[in-house]
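Notes to accompany the following structure.
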Amino acid sequence: MFKKSLLLVLIAMLLVFGAFGCGQDATPPADDEGEANGEEPAGFEGQVLLGIMVPITGSEASDGIDMENAALLAVQEINAAGGVLGYEIITTTGDDECDPSKATAAASKLISEEVVAVVGGYCSGATLPTLALYGDAGIPFVIGAANATSLIDENPGWTFMINSTGDAQAAKAVEWFEGLGVETIALVDDGSAFSVDLQSQTKMQWEAAGHSVVAEDRVETGTQDFSAVVTSIMSANPDAVYWTAYQGLGALLIRQLRQDGYEGVIMVGDGSSAQELLDLAQAEGEGVYCTAPPVVDFLPAAQNFIAGYKSSFPREPGAYAGLMYDATYLLVDAIERAGSFDGEAIKNALAATDGFEGITGPISFTPQNTLNRSNFVILVGEGGRWQLAE
C-alpha cells in the first residue's frame with residue numbers, strides 16, 4: 001500500500017514539472033507578426049530586449065567591456081526615467097571577440113533572441129559580416145566605434161555609424177602631419193580591416209597632397225619582435241610613422257622604435273586611443289600623437305556621464321564610452337519617434353535623425369547612414385596621459 005501511494009506521488013510530481021518546466025526563458029518566442037499585431041516585443045512582460053555586440057573576451061576586451069558598460073549606464077538612466085514607450089529595457093550581450101566568425105555567431109545569437117535593435121561594433125573586421133545578418137533579420141544596428149569605409153558598401157541600409165569613417169580620420173592625420181611640417185611618412189598596419197582601410201586611405205590622401213610614403217609595413221597579430229619593421233623604417237628615415245591598428249602591438253612598436261633611436265614623429269590611429277597604449281608604451285609614449293574619437297575627458301557635455309560611469313563601474317570610461325552611450329540614447333530616441341518597436345519604423349526614424357544632441361556632439365546621417373561630420377581630435381601623450389593637442 002505504501003509503495004502504491006509513493007508511486008502516485010511521484011507521478012503527480014512529474015506532471016507538475018512537465019507543466020511548468022525548470023525555469024523561464026529570457027526571450028520567450030514571439031508571434032511572427034510581432035509588434036504589428038499589438039503584441040509585446042521580445043523580453044519579459046512589460047520589457048523590451050536590446051542587443052549589445054562588443055568584444056568582452058579576447059585581445060580587445062578592455063574596450064569592449066567599456067562600451068558595454070556605457071550602454072548599460074544609458075539603459076539604467078533611461079529605465080529610471082520611465083523606459084521607452086512605457087517598457088523597461090533589458091539587454092543581452094553577444095561577445096564578438098573582435099573575430100569575424102565569432103561575430104557572426106554573436107549576431108545570430110542576438111537575432112535568435114529577438115532583440116528589437118542592436119548597439120555596438122568595435123572591430124570593423126568583426127562587425128563587417130554581421131551587417132547583412134541584421135539587415136536580413138530587419139534589425140536596426142547603431143555602430144558606436146567601428147568605422148572602416150568598407151562598412152559603407154556592405155551596409156544593406158539597417159546600420160548607422162556614429163563614429164566618423166576612415167577617410168575622415170585619414171584627412172585628420174594628413175592635416176596634422178602637414179601642420180608639423182612632415183613631408184615623408186611610413187605606414188604600419190596589422191592586416192585587420194580597420195587598420196588596412198586607414199592605411200590605404202591615408203596613403204591615398206597623403207600622396208594626393210603631394211607628399212611621399214617611403215615605407216609600408218605590416219605586423220602580424222601576436223608579434224613580439226619588431227626588429228624587421230623597425231629596420232625597414234629606420235632605413236627609409238621618414239619624418240613620421242603612422243601606426244593604424246590597435247594598442248597592444250602599437251605600444252610595442254613605439255617602444256622598439258624609440259629604443260632603436262627613431263626620433264621622428266609617431267602617430268597612432270583611433271584603435272590605439274585608449275589609456276592602455278600609454279601604459280604599455282611607458283616613457284616611450286611621451287609625445288606620441290593620436291587621431292582619436294571624441295574622448296569624454298575633453299567634452300564639457302560629458303561630465304555627468306563620467307561621474308555616473310565612475311560611480312557604477314570600477315574604472316574610468318575609455319575612448320569609445322561616450323559614443324556607445326550616445327548610440328544607446330539615439331536608438332531609444334528613434335524608437336520614441338517611431339512610436340513602435342517595428343524594425344522598419346525604427347530604421348526610418350534613425351535615418352531621419354536631424355541634429356540629435358549627444359554628449360559627443362550632434363548626430364545626423366548622410367544618405368549612406370554615416371555621421372555627416374568629422375568627429376576626430378588629436379591627442380598627445382604627456383606625463384603618461386592623453387591630453388588634447390588642439
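All figures in this text were calculated on a predicted structure; none of them were measured in a lab.
The side chain to side chain donor-acceptor pair (under 3.5 Å) search around N375 returns N163, S164, not counting sequence neighbours. For L180, the side-chain contact (heavy atoms from CB on, under 4.5 Å) criterion is met by W176, V182, V265, Y289, not counting sequence neighbours. Checked against side-chain contact (heavy atoms from CB on, under 4.5 Å), K310 has the following partners two or more places apart in sequence or in another chain: I306, E316, P317. Residues satisfying the side chain to side chain donor-acceptor pair (under 3.5 Å) test with S59, not counting sequence neighbours, are none. The side-chain contact (heavy atoms from CB on, under 4.5 Å) search around A173 returns F177, Y242, M267, T291, not counting sequence neighbours. In terms of the side-chain contact (heavy atoms from CB on, under 4.5 Å) criterion, residue partners of T231 (sequence neighbours excluded) are, by chain and number, S235. Partners of E60 according to the side chain to side chain donor-acceptor pair (under 3.5 Å) rule, which considers only residues two or more places apart in sequence or in another chain, do not exist here. Scored by the ring-ring contact (aromatic ring centres under 6.0 Å, His included) test, F356 finds no partners at all (sequence neighbours excluded).
Using the six-membered ring where Trp is involved, Y246 and F194 have ring planes that are tilted, between 30° and 60° apart. Ring pair F341/Y87 is perpendicular by interplanar angle, where above 60° counts as perpendicular and below 30° as parallel.
Applying the salt bridge (Lys or Arg N to Asp or Glu O under 4.0 Å) test to every pair with at least one member in residues 349-375, sequence neighbours left out, gives no pairs at all. Here disulfide (SG to SG under 2.5 Å) pairs that include residues 295-390, with residues two or more places apart or in two chains, number zero. Applying the disulfide (SG to SG under 2.5 Å) test to every pair with at least one member in residues 258-339, sequence neighbours left out, gives no pairs at all.
The nearest pair of heavy atoms linking L50 to V118 is CD1-N, 4.4 Å.
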For residues 126-137, dump all side-chain donor-acceptor pairs below 3.5 Å to protein atoms at least two apart in sequence or in another chain.
{"from": "T127", "atom 1": "OG1", "to": "C123", "atom 2": "O", "distance (Å)": "2.7"}
{"from": "T130", "atom 1": "OG1", "to": "T127", "atom 2": "O", "distance (Å)": "2.6"}

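In summary, R218 and D189 engage in a salt bridge, as defined by a charged side-chain N under 4.0 Å from a carboxylate O.
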